[in-house]
Amino acid sequence: MNSWRPKIKAMAIDKAASVSGGCSIALVSMPWSIFNRPSIQLGVLKSSLLRSNPSLPVDCYHHYLQTAQRLGPETYHWLTLSGWAGEALYAPILFPDMALPAAALFDRELKRFNREKGTPGFAVLASLVEEALKGWIDAISWDRYGLIGFSVCFNQLLPSLAAARLIKERAPSVKVVFGGSACGGQAGLDLPVNFSQIDHVVRGEGELALVELVRNLQGGDGESAGTVIDCPANIDLEDSPPPDYGDYFREISLVFRNTPVIPVVPVEFSRGCWWGKCSFCNLNLQWCGYRYKSADRMCREVGAFAAEFGTLDFSFTDNVLPVAEARKFFRQIARSGKDFEFFAEIRATQTADLAGYRRGGLVVVQAGIEALSTGLLARMKKGVTAIENLAVMKEALKQGVALEGNLITEFPTSTEQEVAETLHCLDFALPFKPLTTASFFLGLESPVDRSPGDFGITAAGPHRNYSHLYPAEILRQQEMVVKDFRGSRTYQRRLWRPVVKRVKEWQDFQRRRGSVAHRFPLSFRDGGEFVIIRQEQLRGPVLNHRLKGMSRRIYLFCEEIRDLSSLIDHVPGIGRESLERFLAEMVDKRLMFREGEKVLSLAIGNSRKCREESLP
């Protein structure tokens, strides 16, 4: 950690700021943005500037399109997933002496993603990236702009720094401003000190900051030079203009003219997180509070984009959907009769809403699973339990929603008991879409980072991979949004190894199933007086179970999470002892999951009636 920090003048943003006069603005998004999506950051910033002054010349540049075209979409996509490998390609442009360590990091990422065969080597890709960057910069007259803004999110910092330096060499008088999630907290304060190509850094919401910067620039006000701009004001999303994606669609039609691409359009329902308590999270450094648009406003926005750009695919950028308004939104979309498809992030507590979301076009969901140990979830302050996480995984599969979720391993101070709880829960998660293991990383100014001692962390600094990308003298002064730490790392890695192995077996099991005739690995058919449960195993033959009478009633009643008291009320005449014996048998067979007084049946109805009810 740095013991010395510069004092940089912070400039408050007046919500009433307006733009006047004529000063051309350029907004830039660098790799490694997803190439088949416009940058919502640039779109929002441009529409906000134009609202302040409709005659203001604002050009958006999505350089990641040229890079994707030069590298090929498939290679570009892999580099987007890796992040570290993509940034490594830009390190030699900015720091020639870092070429060898950057290549070593790249090769390590190749191995981690099993990309050794068929992927061009570091030297080839680094050369292509540099050619694409310099060719793009040389083709634009940057000195015609008064201000150039870079949207800098994760894994865009090195590409943005490289581009900004090359632009400054060609147009020294142009002002360069950085903003975005990579500029939050202390990292944003350090950037203009360590990198002379940056004139301003915005920490927080950029709309009002850019308006103010342009006003100062046009008014000849030099007081803002070299400032870090904090933006505490909450943007009223309901009143904000929709993103302007015109530049992106013009660019992609030129860059991929011979390979038609139908982009996925990002839309913003809310900012921040209405939960906002997860101990590992630092995703809300740039937001103040939680705000959201109305369902009516969101429907109008989606409809307008579909009509303007001829697309039906949308991705919500929210950290979590607003519960009540999302219900209204998907109901309205379902009634529209149009085949929209959406991606969104939700919490496991929104399980009951998934059926309605699916009818409205939600086809892929990122659920904040993170752990399958209730004890660990409590220390992560997730506000959910293991049985709730299993319930959302089951419901997603039932509704035909592809669930994406991470299982965080090596969380600091994890205990043997928590790992054992995780392994136990994984036995019951086998029928559902596998999670992806993700080693814990320390996020800048996350609750864990702010209270390291509570999590056994004895020291922290920039993530070790940054040492392959930046000279040591810079890392001594520059805070980074991804950090490394000391504190039982070797022990945690050994402790979690069985979980990583078990998840891989889970993934292999689902991969082997392929397109089998049976839709679900664990399913039931209801015969009225009995149910037949079909169960695929990790190893061994398919099992079939028949439950009759009272056993059937109990099993079907627990299709959603139930507590034992409600079970006894639902099945009068059954004693506690008999119920306990039945539940123990079901849990032993992995047909039900029990956590304390709560139980959940895991099989999904595979009857014609169940299939019809789950259709959108």
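Quantities reported herein were computed from a predicted structural model and do not represent experimental measurements.
Not a single donor-acceptor pair under 3.5 Å links the side chain of Ser29 to the backbone N or O of Tyr64. Within the 3.5 Å criterion, the main-chain N or O of Pro242 finds a donor-acceptor partner in the side chain of Ser47. A donor-acceptor contact shorter than 3.5 Å links the side chain of Lys46 to the backbone of Val58. Counting only distance, with no hydrogens or angles, the side chain of Gln197 and the backbone of Lys168 share no donor-acceptor pair below 3.5 Å. At least one donor-acceptor pair under 3.5 Å links the side chain of Asp244 to the backbone N or O of Gly246. For Arg493 (side chain) and Glu410 (main-chain N/O), no donor-acceptor pair under 3.5 Å exists by modelled atom type. For Asp143 (side chain) and Ala171 (main-chain N/O), no donor-acceptor pair under 3.5 Å exists by modelled atom type. One N or O on the side chain of Thr311 and one on the backbone of Pro263 form a donor-acceptor pair closer than 3.5 Å. Ser82 places no side-chain N or O within 3.5 Å of a backbone atom of Leu79 that could act as its donor or acceptor partner.
Within a 6.0 Å sphere centred on CZ of Arg486, other residues, nucleotides and ligands contribute 12 heavy atoms or fewer. The neighbour count for Leu100 CG, taken as heavy atoms of other residues, nucleotides or ligands under 6.0 Å away, does not exceed 12. The environment of OH in Tyr292 is sparse: at most 12 heavy-atom neighbours from other residues, nucleotides or ligands sit within 6.0 Å. Remark: His77 NE2 is loosely packed, at most 12 non-hydrogen atoms of other residues, nucleotides or ligands lying under 6.0 Å away. The local environment of CG in Leu81 is crowded, with over 12 non-hydrogen atoms from other residues, nucleotides or ligands closer than 6.0 Å.
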Determine whether Leu444 and Met480 satisfy the following criterion, side-chain contact (heavy atoms from CB on, under 4.5 Å), listing intermediate values before the conclusion.
CA-CA 7 Å; Leu444 173 66; Met480 293 293 188; over 6 Å; no
side-chain contact (heavy atoms from CB on, under 4.5 Å) for Cys183 and Leu191? Distances and angles first, verdict last.
CA-CA 8 Å; Cys183 304; Leu191 281 170; 3.9 Å; yes
query: Can Asn194 and Gln478 be said to form a side chain to side chain donor-acceptor pair (under 3.5 Å), step by step?
result: CA-CA 7 Å; Asn194 293 310; Gln478 177 64 51; 3.0 Å; yes
Checklist line | Working for side chain to side chain donor-acceptor pair (under 3.5 Å), residues Ser240 and Glu207 | finding: CA-CA 10 Å; Ser240 64; Glu207 295 100 309; 6.0 Å; no
Yes or no on side-chain contact (heavy atoms from CB on, under 4.5 Å) for Glu212 and Asn216, after CA distance, side-chain angles and deciding distance? CA-CA 6 Å; Glu212 179 73 359; Asn216 288 344; 3.8 Å; yes
Walk me through whether Arg37 and Ser315 qualify under side chain to side chain donor-acceptor pair (under 3.5 Å). CA-CA 9 Å; Arg37 297 183 190 180; Ser315 176; 3.3 Å; yes
Step by step, work out the side-chain contact (heavy atoms from CB on, under 4.5 Å) result for Arg170 and Asp138. CA-CA 9 Å; Arg170 290 155 176 78; Asp138 288 341; 2.9 Å; yes
request  = May I have the step-by-step check of salt bridge (Lys or Arg N to Asp or Glu O under 4.0 Å) for Asp508 and Lys504, ending in yes or no?
outcome  = CA-CA 6 Å; Asp508 290 341; Lys504 186 178 185 305; 3.1 Å; yes
Run the numbers on Asn53 and Ser55 for side chain to side chain donor-acceptor pair (under 3.5 Å), then give the verdict.
CA-CA 5 Å; Asn53 181 359; Ser55 64; 2.8 Å; yes
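For the residue pair Gln156 and Ser33, a side-chain donor N or O sits within less than 3.5 Å of a side-chain acceptor on the partner. Inspection of the Thr436 and Asn406 side chains reveals no N or O donor paired with an N or O acceptor under 3.5 Å.
For the pair Ser181 and Cys153, the minimum side-chain heavy-atom distance is below 4.5 Å. With a 4.5 Å cut-off on side-chain heavy atoms, Glu445 and Asn282 do not count as touching. The closest side-chain heavy-atom distance from Leu27 to Tyr61 is not below 4.5 Å. Val500 is listed as a side-chain neighbour of Thr409, based on a closest heavy-atom distance under 4.5 Å. Residues Tyr470 and Leu161 form a side-chain contact, since some pair of their non-hydrogen atoms from C-beta on lies under 4.5 Å apart. Within the 4.5 Å cutoff, the side chain of Leu435 has heavy atoms near those of the Leu403 side chain. Under the 4.5 Å side-chain criterion, counting only non-hydrogen atoms from C-beta, Val265 is in contact with Phe249. Residues Asp97 and Phe95 are not in side-chain contact: their nearest non-hydrogen atoms beyond the backbone lie 4.5 Å or more apart.
Of all heavy-atom pairs between Met30 and Leu133, the closest is CE-CD1, 3.7 Å. When every heavy atom of Lys433 is checked against every heavy atom of Trp506, the shortest pair comes out as O-CZ2, 3.5 Å. The minimum heavy-atom distance linking Pro38 with Tyr245 is given by the pair CB-CD2, 3.5 Å. Listed here is the closest heavy atom pair of Val174 and Asp199: O-OD2, 3.6 Å. For the pair Leu56 and Leu50, the tightest heavy-atom approach, listed with the atom from each and the gap, is O-CD2, 3.3 Å. Pro31 approaches His63 most closely through the heavy-atom pair CD-CD2, 3.9 Å.
In this structure, Lys111 does not pair ionically with Asp107, as no charged nitrogen and carboxylate oxygen lie closer than 4.0 Å. Electrostatic pairing of Asp449 and Lys483 counts as a salt bridge here, judged by a charged N lying under 4.0 Å from a carboxylate O. A salt bridge does not link Arg115 with Glu109: every distance from a Lys NZ or Arg NE/NH1/NH2 to an Asp or Glu carboxylate oxygen is 4.0 Å or more.
Ring geometry for Tyr76 versus Phe35: interplanar angle over 60°, hence perpendicular rather than tilted (30 to 60°). Using cut-offs of 30° and 60° on the angle between ring planes, the pair Tyr145 and Trp142 is tilted.
Counting only residues at least two apart or in different chains, side-chain hydrogen bond (donor to acceptor under 3.5 Å, both in side chains) contacts with residues 255-269 comprise Glu268-Arg271.
The only option from Phe280, Trp496, Phe485 that meets the ring pair (Phe, Tyr, Trp, His ring centres under 6.0 Å) definition with Phe440 turns out to be Phe485. In summary, of the residues considered (Trp32, Tyr466, Phe106), a ring pair (Phe, Tyr, Trp, His ring centres under 6.0 Å) with Trp84 occurs for Tyr466 alone.
Here CD of Glu341 is found 11.0 Å from CZ of Phe314. Values are rounded to the nearest 0.5 Å. One distance of note links CG of Leu321 with CD of Glu345; it measures 8.5 Å at 0.5 Å rounding. Here OG of Ser48 is found 6.5 Å from CD1 of Ile235. Values are rounded to the nearest 0.5 Å. Here the straight-line distance linking atom OG1 of Thr67 with atom NE2 of His62 works out to 13.0 Å at 0.5 Å rounding. For the atom pair CZ (Phe309) and CD1 (Ile252), the distance works out to 11.5 Å, reported to the nearest 0.5 Å.
The salt bridge (charged side-chain N to carboxylate O under 4.0 Å, His left out) check on Asp59 picks up Arg144, with sequence neighbours excluded.
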